[in-house]
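Please read the structure below before turning to the comments.
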Amino acid sequence: MNKHFEDARYYLKRAGETATKGVKEELEPVEGRFRELTGKEAEPEPSRLEAVRADLKDLQEKAEGEAEEAIADAREKISEYRGKEETEA
């Protein structure tokens, strides 16, 4: 992928994350008032350890997918090479 598209995707992701944080911050007082009126308690935020575990799980899944793709590509290249070798002999 073109480096410019990778950069644009990165900055769009960051902009989305920043906007999400801003909206959450602006709505905190409204949510607090709503919970006060309805009697519902806020769900606890995931601990830092849980967040890190979730990130590591995502990274592991991504790495496994990339490894599987690399293995499939290598197998394909080997079979192509062996096919050429047999036709030349």
So does E6 pair up with R9, basic N to acidic O under 4.0 Å?
no
Looking at K77 and D73, is there a salt bridge between them, counting it only when a charged N and a carboxylate O are closer than 4.0 Å?
no
In residues 10-22, what donor-acceptor pairs under 3.5 Å come from side-chain atoms, sequence neighbours left out?
residue: Y10; atom: OH; partner: R14; partner atom: NH1; Å: 2.8
residue: T18; atom: OG1; partner: R14; partner atom: O; Å: 2.9
residue: T20; atom: OG1; partner: G16; partner atom: O; Å: 2.8

Under the side chain to side chain donor-acceptor pair (under 3.5 Å) test, which residues partner R82, sequence neighbours left out?
none
Side chain to side chain contact (heavy atoms under 4.5 Å, CB included) against [X], all qualifying residues, sequence neighbours excluded:
X: E50; answer: P46, S47
X: R75; answer: I71
X: E61; answer: K57, D58
X: R35; answer: E31, K40, A42

Please check if the number of heavy atoms outside E80 that lie under 6.0 Å from its CD is greater than 12.
yes
Separation between CD (E66) and NZ (K62), nearest 0.5 Å, reads 5.5 Å
